[in-house]
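Let me begin by presenting the structure, written as structure tokens, before commenting on it.
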Amino acid sequence: MYTAHPDRYADMPYRRTGRSGLHLPALSLGLWHNFGPDRPAETQRAILRRAFDLGVTHFDLANNYGPPPGAAESALGGFLRSDFARYRDELVISTKAGYLMWPGPYGEFGSRKYLLSSLDQSLARMGLDYVDIFYSHRPDPKTPLEETMGALHSAVQQGKALYVGISNYSAEQTREAARILGELGTPLLIHQPRYSMLDRRPEDEGLLDTLDELQVGSIAYSPLEQGLLTSRYLDGIPEDSRAASDSPFLNTDAVTEDLVARLRSLHEIAAGRGQSLAQMALAWVLRGGRVTSALVGASSPQQLEDSVAAIRNLDFSDEELARIDAVIKG
């Protein structure tokens, strides 16, 4: 039987999420592409156990994570029963609905029927009565925002979610979603945007400013930019890398000579801070406390440990930030 490490809360910093009473670990574990049947179950179990032992109390999922869709939730459900049942109240478990999950007109986007049906399916796969956070995974251009936010409100009213969030919404959409939810009496807890040193749209398009103003939390996904902000691509494209497989999320065309040169320069800055490039990239997202948490994936416990080590140095000098900006912006 698994027994969690007694000092699991000693080192991980926890940050208040917006103006709520919920604190999230600075690093959260995303169960995106490493928790399907194509990965050894013992490796998945080892990652989850090591995460919790290191103070990573937040496991983030979506209905379509796996692969195949639903597999990550099913896998987590098994591990919750076997390893984490007695620790459920120490865990924050989130899931989302918005992308294609089943065929037909009710299998994606933001209708009330889809969102609440998906949540019921997610809870069944995980063997849970409720999730801590339920997200609208993406805006629906054809469904009134009042309906989508109303479905999130209903999930809370039904006791199937404690908090609600949104992901991939613009600053303007976020402001309107927060207004609707506020009027319903279910505050918007958190936004999950894509954000990294290489993808600064949340800054450039005013999303982070909007979240600050609304006192809504944020959790950044892809802070390592699909692995680009690691040591993997410092010498080009490895044969076993995501880019070499022409993944829909990263392909060979993205890894240009200019990008590799910039990654090497960032690697040098990281080395001067006593960090790997990945650790510096995570620290950069978390700098200043503006972002509540950064989502990391892991294919092994060792990879997770390397990411968590980023918390040892989350501070940047003005000179370091200027050097990073000079490299990224040219």
Side-chain angles (χ1 to χ4, degrees), residues 15-20 22-28 30 32 58 60-62 92 94-99 109-110 115 133-146 148-149 151-153 163-184 186-226 228-229 249 280-297 310 314 316 321 324-325 328-329:
R15 297 178 170 186
R16 184 178 295 275
T17 310
R19 63 190 297 265
S20 77
L22 183 68
H23 290 74
L24 291 180
L27 292 175
S28 299
W32 179 42
H58 178 206
D60 179 77
L61 301 98
V92 173
S94 60
T95 196
K96 316 176 198 72
Y99 287 94
F109 276 115
L115 290 173
I133 307 170
F134 181 48
Y135 288 88
S136 168
H137 206 165
R138 62 170 169 169
D140 183 343
K142 297 183 179 180
T143 297
L145 194 57
E146 288 82 0
T148 301
M149 295 303 107
L152 296 184
H153 171 66
Y163 302 92
V164 298
I166 57 177
S167 181
N168 299 306
Y169 280 57
S170 70
E172 181 180 356
Q173 291 166 333
T174 298
R175 188 179 298 279
E176 183 65 6
R179 182 192 66 78
I180 294 168
L181 285 168
E183 290 177 355
L184 291 171
T186 298
L188 176 61
L189 173 80
I190 194 166
H191 189 299
Q192 188 175 131
R194 180 168 179 156
Y195 182 45
S196 74
M197 286 195 293
L198 296 177
D199 187 346
R200 303 191 180 191
R201 284 175 293 176
E203 292 179 13
D204 299 338
E205 297 173 3
L207 177 61
L208 293 186
D209 289 337
T210 297
L211 297 177
D212 286 345
E213 180 186 337
L214 297 174
Q215 293 183 282
V216 171
S218 58
I219 179 167
Y221 76 88
S222 292
L224 301 182
E225 202 61 32
Q226 300 294 325
L228 286 176
L229 290 169
F249 306 104
M280 183 178 77
L282 293 170
W284 184 89
V285 165
L286 294 167
R287 73 198 186 284
R290 197 175 193 191
V291 169
T292 312
S293 184
L295 272 170
V296 296
L314 298 179
F316 288 81
L321 292 174
I324 291 170
D325 285 349
I328 298 297
K329 298 178 181 180

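Because only heavy atoms are used, hydrogens play no part in the values below, and waters and symmetry mates are left out as well, while side chains stay in. In this chain, residues are counted from 1 in sequence order.
Counted by atom type alone, Thr210 and Thr174 present zero donor-acceptor pairs between their side chains at under 3.5 Å. Of the N and O atoms on the side chains of Tyr135 and Asp60, not one donor lies less than 3.5 Å from an acceptor on the other residue. Checking Tyr163 against Ser94 by side-chain atom types alone, no donor-acceptor pair falls below 3.5 Å.
Side chain of Lys96 to main chain of Leu61: a donor-acceptor pair is present (N/O by atom type, distance under 3.5 Å, no hydrogens or angles). Between the side chain of His191 and the backbone N or O of Tyr169, at least one donor-acceptor pair lies under 3.5 Å. Proximity of a side-chain donor or acceptor of Ser28 to a complementary backbone N or O of Ser293 within less than 3.5 Å is not detected.
For the pair Glu176 and Arg179, the salt-bridge criterion is met [side-chain N within less than 4.0 Å of a carboxylate O]. Between Lys329 and Glu203 there is no salt bridge, since no side-chain nitrogen of the basic residue lies less than 4.0 Å from a carboxylate oxygen of the acidic one.
By the side-chain contact (heavy atoms from CB on, under 4.5 Å) test, Ala178 is found to be paired with Leu188, Leu214, residues two or more places apart in sequence or in another chain being considered. Listed by chain and residue number, nothing satisfies the ring pair (Phe, Tyr, Trp, His ring centres under 6.0 Å) test with Phe109 (two or more places apart in sequence, or in another chain). Scanning for side-chain contact (heavy atoms from CB on, under 4.5 Å) contacts around Thr17 gives Ser20, Leu22, Leu24, Leu189, Ile190, Thr292, with sequence neighbours left out. Judged as a ring pair (Phe, Tyr, Trp, His ring centres under 6.0 Å), and not counting sequence neighbours, His58 has no contacts. A search for salt bridge (charged side-chain N to carboxylate O under 4.0 Å, His left out) contacts involving Asp140 returns nothing, not counting sequence neighbours. For Tyr195, the ring pair (Phe, Tyr, Trp, His ring centres under 6.0 Å) partners at least two apart in sequence or on another chain are Trp284.
Here the shortest heavy-atom pairing between Ala281 and Pro223 reads CB-O, 4.0 Å. Taking every heavy atom of both residues into account, Ser196 and Ser222 meet most closely at CB-O, 3.6 Å. Ser218 and Leu211 make their closest contact through CB-CD1, 3.7 Å (heavy atoms, listed as atom of the first residue, atom of the second, distance). Scanning both residues, Thr148 and Gly110, for their nearest heavy atoms gives OG1-O, 2.7 Å. Between Ile324 and Met197 the shortest heavy-atom distance is CG2-SD, 3.6 Å. Nearest heavy atom pair, residue Leu286 against residue Leu27, reads CD1-CD2, 4.1 Å.
Within the model, atoms CD of Gln173 and CG of Leu207 stand 10.0 Å from one another, a figure rounded to the nearest 0.5 Å. Of the inter-residue distances, the one linking Gln215 atom CD with Arg16 atom CZ reads 11.0 Å to the nearest 0.5 angstrom. Going from atom CD1 of Ile133 over to atom CG of Leu152 covers 12.0 Å, rounded to the nearest 0.5 Å. Here Leu198 contributes atom CG and Gln226 contributes atom CD; the two are 11.5 Å apart, rounded to the nearest 0.5 Å.
Using a 4.5 Å heavy-atom threshold, the side chains of Val164 and His153 count as separate.
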